[in-house]
Each structure stands twice: as structure tokens, then as C-alpha cells.
Amino acid sequence: MTRIPLLLFLTAAVLTQGCDRRQTPSLNLFAWSEYVPQEVIEGFTKETGVKVNYETYDSNEAMITKLSQGSTRYDLIQPSEYAVENLIRRNMLEPLGESQIPNTKNLDEAYRNPSYDPGLKYSRPYMAGTVGIVVNSDIVKDPIRGFADVFQPKYRGRIVAVNDDREIVSWAFDVLKIPINDVTPANLQKARPLIKSWLSLVKVFDSDNPRAPLLSGDCDIGVVYSGDAAKLYEQNHKFRYILPEEGAHQFVDSLCIPRGAAHKEAAEQFINYILRPEVSKIISDKFPYTNPNAEARKLSSKEQLDNPASYPRAGHVEVFHDIGPATQQISAMMTELRSG
């Protein structure tokens, strides 16, 4: 996608003129890069006078590490579903005030009681999506239904895949019919030979811009974030999006307030602003994932709603859950397999 995952800084700038000291409010947002349109940030500042400072991270793990090291300068973060669960478990998020975020009413019912944050006590969904398969149908004529069809020797050197270890492991688990959140040493060992055979088939691992090798013709098949697939489809309908028949990961990126944030009220104000239908539509216009805002969808065009990557037809999807130390076990195994 470039899933890009955002940082909201909320520091008070103190201006001194003689004996007059005034505060200019600012909000520190810590989030995935390029995931919040500049016009949304500018619109919020124009309306409220609150300046938004946008700092980025490239993984949920990097964001959690920074918070765990005691950084309290962030007022708003943008974790994915399993990271929300992790931060709740560690008491690192502020509860959100329901009365301060009335635009929660605009959310689709399917996103109002997620398993990773029942009742949305600590989070509000920003954007959702899936990880699935893109094929250049002008080149690939054989039927592609799932991961087992993609990772075949005949497609060696023609595949681009997101560079995410847990994603790759989950694909193998799906093929082997292992629940994707049941990450144990025994299950990793079961998946290991399959993953090893797959890695040698992939031409490029790229989470930032997997569209490039597909558009250039260097690759004909991709396993990518749905937002990237949606943009490919917008450019040319030859790029078909397929939810793998074995199952797919559905991610939900949310907005949360870290424990101890200096300006919780301004952060809640920003969340409420994001949940306005017209503002949420601006976001999905630029990043065509699945918009969890039902009222914003009503403002979308038929072409946007018919994009099979943005709003895929029925399929088996699951969210990731917090797997604790097993994250390091995945990392260790994948580092060994990649180096071999």
C-alpha cells in the first residue's frame, strides 16, 4: 500500500513579547508516512488554529518501540489492529471520550466493535484494507485463485511481494490451514519449508511502491496491499485483484492517543474531524483502501465503490492479533531463511 502507515506532536510553542506570554497550540501526530493528506491537515489547522506536526514511522514495531522507550511527546498515533491490542494490553493508551468524538456515528457497523478493541474504547478506525493478489491479466492467462497458484516455479522472477515477515508467514499458514494468529515454534517449523521455496521465486520485495515493477512490466504478479492494487486498477483494468481463496489478512489502521499525551482534547478534536464524511472521503480519494466510514462512502463515486481492490467481494478475511514474543521468532526465522 504503500501502507503507510503518522505522528501528531502536541507541544506548546511559547511566544514572549515583553511580559506577554502566549501559547500557540500544536498537535504531534506519529503515523505511517504520507498517509494523511496535506489538505486534511491544513483544513484542521484553519478551522481550529491547532498546528499539526507530522512525524512518520515505517512499521508498527518501530512505533511501539519508540513509545516503550518513554517518548511522551506524541499526542496521536496510527497503529494497526494488532498494535492497538498490544498497546491496550500494556496500558499505553488513553481511553477516548465518547462525547468528544460524536462523528463515531458515521462508522460502518462492521467496524464499531472490533475484536482488538471491543467497543472502540481506545481507538477509532482510520482506514482498512486487505493484502491480496494482483495479476496483469494481459500476461498471466492461467487462473490465479490463491497463494498456491502464485508461488509456482513457472512464475519465478515475475513476482513482487510486500516486504513484511509476518504477512509472508501468514500466507504460508493460510495454505497449510493453520490459523494465522497461532504463531508457535511448531507451526513456524511446519511453514518453514514452504516459505523457503517461495522466497526464491520473488523478484522484488517492496512495501513502499510495489506498483512500480508491475507498471513497468518487470513483474506480472504481486502480493500487495489493496490500496496499491486499487491504484493499479484505476490506471488500467488489466490489473485484476484477487482475494486469496485460502484466506487474507484484513488490516485496520486506527487513531489512538498515547497514555500521558499532553493535549488529549486537541487529539480527540482531530479524530472527530477525520470522521467527518467529507474529510474521510478526501483520505480515501487519495488512498483508495476500504473506508470504514459509511457516510463517507455515500459521497464516493460508483467507480470508486466498484473498484474490486478497494471493496473486494466476499472472501475469508482475518485481522492480526498481538502475538507477543512470537514476533521475534518470526523475525529470527525469516532472517535466517533470507540469508540462506
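Just so it is clear, the model here is predicted, and its values are computed rather than measured. FYI, the numbering just counts along the sequence from 1.
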query = How would you list, by chain and number, every residue that makes a side-chain contact (heavy atoms from CB on, under 4.5 Å) with Gln328, sequence neighbours excluded?
reply = Pro325
query = Do the two ring centres, one from Phe239 and one from Tyr233, sit under 6.0 Å apart?
reply = no
ask   = How about Arg124 and Thr104: does a side-chain donor come under 3.5 Å of a side-chain acceptor?
value = yes
inquiry  = Let me check something: do Leu299 and Ile282 share a hydrophobic cluster, defined by ILVMFWY side-chain heavy atoms less than 4.5 Å apart, either directly or through other members?
reply    = no
query = How close do Tyr82 and Phe320 get, heavy atom to heavy atom, and via which atoms?
reply = CB-O, 3.4 Å
task = Can you spot which of Leu67, Asn60, Leu255, Val84 makes a side chain to side chain contact (heavy atoms under 4.5 Å, CB included) with Ile77?
result = Leu67
query = Within a reach of under 6.0 Å around NZ of Lys105, are more than 12 heavy atoms found that belong to other residues, nucleotides or ligands?
reply = yes
note = Hits for side-chain hydrogen bond (donor to acceptor under 3.5 Å, both in side chains) against Thr130, two or more places apart or cross-chain, chain-then-number order -> Tyr241
Exercise: do Arg276 and Asn106 side chains pair donor with acceptor under 3.5 Å = no
inquiry  = Going by side-chain contact (heavy atoms from CB on, under 4.5 Å), name the residues that satisfy it together with Asp149, two or more places apart in sequence or in a different chain.
reply    = Ile144, Arg145, Gln152
request  = Could I get the full list of ring-ring contact (aromatic ring centres under 6.0 Å, His included) partners for Phe147, not counting sequence neighbours?
outcome  = Trp171
task = Under the ring-ring contact (aromatic ring centres under 6.0 Å, His included) rule, collect the residues that match up with Phe151, sequence neighbours excluded.
result = Trp198
query = Ile221 and Ile139: side chain to side chain contact (heavy atoms under 4.5 Å, CB included), yes or no, with the steps?
reply = CA-CA 9 Å; Ile221 305 176; Ile139 304 297; over 6 Å; no
ask   = What residues, two or more places apart in sequence or in another chain, satisfy side-chain contact (heavy atoms from CB on, under 4.5 Å) together with Asp142?
value = Lys154, Tyr155
ask   = What closest approach, in Å, do Gly247 and Asp174 show between heavy atoms, and which atom pair accounts for it?
value = O-OD2, 3.3 Å
query = Is the distance between the ring centroids of Tyr126 and Tyr35 under 6.0 Å?
reply = yes
key: Enclosure of Lys141 NZ (heavy-atom neighbours >12, cutoff 6.0 Å)   = yes
Glu278 and Lys281 ion-paired at < 4.0 Å = no
remark   = Taking every heavy atom of Arg313 against every heavy atom of Leu243, the minimum-distance pair comes out as O-CD1, 3.6 Å
Report, one line per pair, each donor and acceptor closer than 3.5 Å where one atom sits in a side chain of residues 181-189; sequence neighbours left out.
{"unit_1": "Asn181", "atom_1": "OD1", "unit_2": "Arg166", "atom_2": "NH2", "d": "2.8"}
{"unit_1": "Asn181", "atom_1": "OD1", "unit_2": "His321", "atom_2": "N", "d": "2.7"}
{"unit_1": "Asn181", "atom_1": "ND2", "unit_2": "Val319", "atom_2": "O", "d": "3.1"}
{"unit_1": "Asp182", "atom_1": "OD2", "unit_2": "Asn187", "atom_2": "ND2", "d": "3.2"}
{"unit_1": "Thr184", "atom_1": "OG1", "unit_2": "Asn187", "atom_2": "N", "d": "3.1"}
{"unit_1": "Thr184", "atom_1": "OG1", "unit_2": "Asn187", "atom_2": "ND2", "d": "3.4"}
{"unit_1": "Asn187", "atom_1": "ND2", "unit_2": "Asp182", "atom_2": "O", "d": "2.9"}

ask   = Do Asp164 and Tyr225 have side-chain heavy atoms sitting under 4.5 Å apart?
value = yes
query = Who pairs with Arg240 by side-chain hydrogen bond (donor to acceptor under 3.5 Å, both in side chains), at least two apart in sequence or on another chain?
reply = none
query = Step by step, would you call Arg192 with Glu336 a salt bridge (charged side-chain N to carboxylate O under 4.0 Å, His left out)?
reply = CA-CA 10 Å; Arg192 184 186 180 100; Glu336 184 180 344; 2.8 Å; yes
message = Strictly below 4.0 Å, N to O, side chains only: are Arg338 and Asp165 in salt-bridge contact?
response = yes
task = Decide yes or no for Val202 and Val160: does some side-chain heavy atom of the first lie under 4.5 Å from some side-chain heavy atom of the second?
result = no
message = Check Lys121 with Glu98, please: is the shortest side-chain N to carboxylate O separation under 4.0 Å?
response = no
message = Going by the rule side-chain hydrogen bond (donor to acceptor under 3.5 Å, both in side chains), which residues pair with Asn113 if we only count those two or more places apart in sequence or in a different chain?
response = none
message = Show, in sequence, the C-alpha distance, side-chain angles and deciding distance for Val135 and Ile133, and conclude whether the side chain to side chain contact (heavy atoms under 4.5 Å, CB included) test is met.
response = CA-CA 7 Å; Val135 298; Ile133 300 163; 4.0 Å; yes
query = Between Gln304 and Asp285, is any pair of side-chain heavy atoms under 4.5 Å apart?
reply = yes
inquiry  = Between Glu167 and His249, do the side chains contain a donor N or O and an acceptor N or O under 3.5 Å apart?
reply    = yes
message = Before you tell me yes or no, could you show the steps for Ser123 and Asp117 under side-chain hydrogen bond (donor to acceptor under 3.5 Å, both in side chains), namely the whole-Å CA-CA distance, both residues' side-chain angles and the distance that decides it to 0.1 Å?
response = CA-CA 7 Å; Ser123 68; Asp117 180 18; 2.7 Å; yes
task = Check Val204 against Cys219 and note the closest heavy-atom contact, atom names and distance.
result = CG1-SG, 4.1 Å
inquiry  = We want to know whether Asn291 and Ser300 form a side-chain donor-acceptor pair, criterion being a heavy-atom distance below 3.5 angstrom.
reply    = no
query = With distance as the sole criterion, is a donor-acceptor pair present between the side chains of Glu295 and Asn103 under 3.5 Å?
reply = no
task = Quick one: closest heavy-atom pair of Glu94 and Ala261, and the distance?
result = OE2-N, 4.3 Å
ask   = Quick one: do the Glu55 and Tyr74 side chains pair a donor with an acceptor below 3.5 Å?
value = yes
request  = Using the test side-chain hydrogen bond (donor to acceptor under 3.5 Å, both in side chains), find all partners of Asp138 that sit at least two apart in sequence or belong to another chain.
outcome  = none
query = Closest approach of Cys256 and Leu93, non-hydrogen atoms and distance?
reply = CB-CD2, 3.8 Å
inquiry  = Check Lys51 with Glu42, please: is the shortest side-chain N to carboxylate O separation under 4.0 Å?
reply    = no
message = Counting only heavy atoms not in Glu265 (residues, nucleotides, ligands), do more than 12 fall under 6.0 Å from its CD?
response = no
query = Got a sec, which residues hit side-chain contact (heavy atoms from CB on, under 4.5 Å) with Tyr111, two or more places apart in sequence or on another chain?
reply = Asp108, Pro125, Ala128, Gln250, Val252, Thr290, Pro292, Arg297
ask   = Apart from Leu305 itself, what residues make up its hydrophobic cluster, given side-chain heavy atom links below 4.5 Å?
value = Tyr311
